[in-house]
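Here the structure is a predicted model, which is why all the values come from computation and not from measurement. Every chain is numbered from 1, with letters handed out A, B, ... down the list of sequences.
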Amino acid sequence: MEKYLDITKSVIISSPAGSGKTEKLARRYISLLLGGSEIEKILCITFTEKAASEMKERTMKILEKENLDLFFKIREKMPLMRISTIHAFCFKILKRFSMELGLDPSLDVMDEFNASLLWSESVYESLIEEKDSPDLFFEMMKNRGIKGWDRLSSILNDLHSRRPHPELILKENHFIEGEEEKKILELYSRCLRRYTDKKLERHLLDFDDLELLAYEAIAKNTEWQNILYSFDEHTDHILVDEFQDTSSLQWKIIDKLTEEWRSGIGSKRDSGKTPTIFLVGDEKQSIYLFRGANLSVFQEAKERFSEWLGREYHFEEVRKNYRSLPAIINFTNNLFERLMPPTLYESWRTRYAPFEATRQGDGRVELILIDAAESTKENRGKEASALAKRIQSLIGHYEIFDGEIKRHCAYGDMAILLRKRTHLATFEDALRKEGIPFIVVKGIGFYDEPEVAALRELLSFIIDTMDDYSLFCVLRSPFFGIEYETLFKLIHKGDQPLIEKIQSSTNKKVKDAFNLITGWIEKSKHTPLAVLLEDVLSETGGWRYYWEKQRHANIKKFIKLIEQYESQGFSCLDIREKLIRARQGDEGKANINTEGMNAVKIMTVHATKGLQFPMVFLPSLDEDNVPKSSHIVIDEDGGKISIAYEEDSTKRKKIEHFLRRREKEIEEEKRLFYVAVTRARDFLCMLGALKREKPPTGRLAYIADTSGILKDGQINPEMDILKIMNESQIDEIYFTRHPSLVARHLPSEPFMAEPIYTGPIAYEPILKWRDVTEDIDIRVKHGEDWLVLGRVFHRLFEELSKGVIHPDEIEKRSIILLRDETPNKGNIERLKEIITKNFEKLEKSGFLRDVILPKENSYAELPFMLQRGNTIFRGRVDRIVVKDDMATIYDYKTFPIKDSELPELTEKYRFQMEIYRSAVEKILSVKAKSYLFFTHAQRLIEL
DNA sequence: GAGCGGGCACTTTTT
DNA sequence: GTGCCCGCTC
């Protein structure tokens, strides 16, 4: 048996890229199950939601293959599986013990935007107060010549963005060295107090609160023993994934939870159970410094575990790499052994341990050097064009391993990994020019890009002038750039809508804004919205704030979208609604598991966490990788948190704090490079621009320094660790192998495959999410009215079933619901008539009583998730009534039908109903039968 | 080494 | 639109 599977021991595994980390985690989890642990007593903490679902998937896959009995047993208990993010876990603790913690049990987590709004408000109010008694920061600003509200609030915001650290400094009373820093923190603490009060009033938490409060709850609260005990009772084993990205606070939480176990006096040991903790991670893949990831945590855990647990602890450093071919392994070892030398010792430094390749075959690493042009932009252009050409010359020529079989590579095998998105558009252009299909894996959704968001808010407001929030966003946006100070003053003035408040303002900027905006509202009455947006952009000169090509493109795309909606005849309110929904549905990241999509993927290095690709392209290596310093630095060192503030960037260079932070960031850049390189399975191509007679810069310097590729600025031809090519060579192969010529090429020799060992590879399972909803277009078939009616009927049914409304109130309620759906008064009256008639019929036939009205053991709008193979279905079941161990499922179809259509409709919904039935059987553990309930025609069809 | 003006480039992102 | 770096002067 592998040592890491020994469930009598706690384990830390240092598991580098491609060494089967997820597999090990899943195997350990299974070992615990096999060892008799109950599923609800194992807690597994992952970094993201995605990682959590992957972990579940992987575990089930192994079980399905190797232990069918256990597979079925566990599948039954899937909902009890505790595989979640640390935030979800903390939230659960807080909810569960809300009474003991003095929190409102209905507490909820705020989204980012609302949190930032509440925060800005708090800053504003605190500063107003401070202005009246200027003993703190304003004096200091005056002395230093720092002017302006925005500057000051930006310092506070900067500090706040580094939460939870500044909050911890205050709460834990850390020693603060400088006078200025003390003043800043004092001011910050006032803002924070206000912010906290505001959250309390609204029963809201932000993401940082989850960890902070959970930690306080278990560490300091008088009730903590209770909580610990009950946690203890429910958890025997903890597993943590991506441990290198754990923050100090997260570690403190885990540490506290396991304290009792280690001390050996816990009740568990007496009862003969051995609780364990299992940590997997790779120091070299820690790339979330900006989010508080603290590498020392990993180091510390290793040391303290052996101290505490002695022989009941096992440490393992995996060397084997199952992902990459030897050429890539050799290159990686060569590069990073020097870049991350094991001899340097500071706990935040990265130390490299060389890989052992396990895959057989060659692989290829190449470096394409571009003759540097005048500007960065030009360089990126030349580079992108070379990259596109290189891709074209590889297609149909280069062979990669697909499992054990060799085949020609395709676009879908390739990924371009960027450090940042700045020059994204340049790469897109180059690929487009070559006709290469590609998909960009985006970070934030289209609708949340600042330029799109600004236009979206503007439209929202013009369509509904009572929408203060949208107006606020518009006024803050670069179109008007009105300061917080001015705006908050206005907001706090009275009860009338914001637009009326700004009318009376004496501030010139606000006045101008008011005039422009009212002009637009007037215009919108007789001008298409798309045209209006174009005008807005030219009138305000808005274009110039979005100078980047990508932003221009986004703006154009948005205007086009609106144009489309208008040409399809949607009303303004429709469009507004559509925008709100589109934004909610914007999944942000395009799904890169779009299997079967033969396209090159473009993404940031950060986004590749946990992914791998047969062929990886790494452009812009010459880019400067020294991060810009910020004027505030918060740093951790062995439990101490320190803070430093300095406006002057020249002075910063001489201050220890800033220097060390910089060192840490440079160290992280190296790790990012490591992550990028190790994504490649078979082929790695790097690109960069080299200035003549100047030493290489950025990551190019790393390669040059460490592997002797360049000698005195000249390329060293002796290098066999990677193939170096220049632009003319790229052109040459491109022209001889252009895809149009590929067809004429003879097929390559059939490959005599030696059996190679490729598993267990950390292969990413493909999980597809599908919403189970109406898939025939009701609008097309039955018209707009029935779409609206469908939504209203469903709401009414749900509210009736849940007892929210009484049958007497149907008419009143339907008017309110209809009003939200359609602005037209005549429409409301007409639709209301249809609803009333329908309900009369439902009452007469008894369906209202038998199906819809509240009863024992029944559910309405029950949400579910159901996994079938690689697909996770999610949806809501309209109505379930359980009687005598049998669940009856009703799916409401509210549109009118003819009896002759019934057979066809039944077929159409058979699959959907089948999913519902399985889901219900699983959730409620009873047999189920399902009915389509056509409420207009009063037909009940069993499936 | 401080003080300037011109030139140039403009993070990463999860809960 | 900013803010930073570099090179120049004193």
Side-chain angles (χ1 to χ4, degrees), chain A residues 45-52 84-92 94 108-113 115 148 150-151 154 161-164 205-212 214 241-242 245-247 249-250 285-293 373-380 417-426 441-445 448 450 477-479 481 540-551 588-589 603-610 620 622-631 647-654 662 665-666 668-669 671-673 675-676 697-698:
Chain A
I45 289 173
T46 59
F47 190 67
T48 59
E49 298 287 356
K50 186 175 157 237
S84 75
T85 62
I86 186 107
H87 289 91
F89 170 72
C90 290
F91 189 45
K92 237 176 258 165
L94 293 180
D108 212 344
V109 185
M110 261 186 300
D111 68 54
E112 193 90 337
F113 203 97
D150 276 2
R151 186 89 215 94
S154 106
S161 73
R162 284 160 176 75
R163 256 195 3 136
L205 298 176
D206 63 25
F207 283 116
D208 289 302
D209 289 332
L210 293 177
E211 289 176 6
L212 226 61
D241 189 15
E242 307 278 13
D245 287 315
T246 308
S247 71
L249 183 59
Q250 291 165 348
Q285 291 188 67
S286 170
I287 52 174
Y288 283 90
L289 190 68
F290 67 89
R291 236 200 82 181
E374 290 295 302
S375 70
T376 316
K377 216 175 173 119
E378 271 177 88
N379 283 339
R380 298 290 78 91
L417 310 186
L418 305 174
R419 173 66 245 278
K420 49 190 178 223
R421 289 173 209 280
T422 321
H423 300 286
L424 184 69
T426 313
V441 180
K442 290 198 114 195
I444 49 173
D448 279 324
S477 76
F479 293 128
T540 57
W543 288 105
R544 84 197 127 96
Y545 299 106
Y546 302 116
W547 47 272
E548 284 155 295
K549 227 180 172 176
Q550 176 73 56
R551 307 217 177 276
K589 268 185 184 146
M603 55 169 79
T604 62
V605 180
H606 277 94
T608 62
K609 196 179 184 99
S620 319
D622 57 297
E623 229 166 31
D624 197 7
N625 59 357
V626 181
K628 307 263 167 292
S629 60
S630 96
H631 43 234
E647 276 293 315
D648 188 332
S649 70
T650 343
K651 285 188 184 146
R652 260 180 253 155
K653 284 183 196 156
K654 287 173 202 142
R662 196 182 161 97
E665 279 169 2
I666 292 173
E668 180 144 306
E669 290 300 321
R671 296 194 291 265
L672 269 157
F673 192 17
V675 170
T697 51

Could you give the [atom1]-to-[atom2] distance, from [X] to [N], as a whole number of Å?
X	N	atom1	atom2	answer
A:Glu242	B:dT15	CD	C1'	15 Å
A:Asp245	B:dT15	CG	P	12 Å
A:Ile666	B:dT12	CD1	C1'	16 Å
A:Leu417	B:dT12	CG	P	15 Å
A:Lys50	B:dT14	NZ	P	10 Å
A:Phe673	B:dT11	CZ	C1'	18 Å
A:Asp241	B:dT14	CG	P	16 Å
A:Met603	B:dT13	CE	C1'	15 Å

Salt bridge (charged side-chain N to carboxylate O under 4.0 Å, His left out) filter on A:Asp208, not counting sequence neighbours, yields A:Arg163
Hits for salt bridge (charged side-chain N to carboxylate O under 4.0 Å, His left out) against A:Glu242, two or more places apart or cross-chain, chain-then-number order -> A:Lys21, A:Lys609
Practice item. Record whether the side chain of A:Arg291 comes under 3.5 Å of the base of B:dT13 through a donor-acceptor pair of N or O atoms. Key: no
For [X], enumerate each residue passing the side chain to side chain contact (heavy atoms under 4.5 Å, CB included) test, keeping only those at least two apart in sequence or located in another chain.
X	answer
A:Gln285	A:Ala17, A:Gln244, A:Asp282, A:Tyr674, A:Val675, A:Arg679
A:Glu378	A:Ala373, A:Glu374, A:Ser375
A:Val109	A:Phe91, A:Phe207, A:Leu210
A:Ser161	A:Asp158

If you look at every strand shown and take non-hydrogen atoms under 4.0 Å, does A:Glu49 touch a base, only sugar-phosphate, or nothing?
sugar-phosphate
All heavy atoms of A:Thr48 vs all of A:Thr46, minimum pair found to be O-OG1, 3.1 Å
Heavy-atom closest pair (A:Asp241 atom, A:Ala51 atom, distance to 0.1 Å) is OD2-CB, 4.4 Å
query: Given the P atoms of B:dT13 and C:dT2, what is the spacing between them in whole Å?
result: 26 Å
Where DNA chain B forms runs of at least three Watson-Crick or G-U pairs (i with j, i+1 with j-1, under 3.5 Å), the stems are B:1-10 with C:1-10
Hey, does the side chain of A:Arg421 come within less than 4.0 Å of B:dT13's phosphate (OP1/OP2), counting only N and O? yes
Any N/O pairs under 3.5 Å between the protein and nucleotides 5-9 of chain B? List them or say none.
unit_1: B:dA9; atom_1: OP1; unit_2: A:Thr376; atom_2: OG1; d: 2.9
unit_1: B:dA9; atom_1: OP2; unit_2: A:Thr376; atom_2: OG1; d: 3.4
unit_1: B:dA9; atom_1: O5'; unit_2: A:Thr376; atom_2: OG1; d: 2.8

Taken in chain and number order and not counting sequence neighbours, the residues that satisfy side chain to side chain donor-acceptor pair (under 3.5 Å) with A:Ser620 are A:Arg380, A:Glu383
The residue, A:Leu672 or A:Leu210, whose nearest nucleotide of DNA chain B is more 5′ is A:Leu672
From the candidates B:dT11, B:dT13, B:dT15, the one with an atom nearest any side-chain atom of A:Glu665 is B:dT11
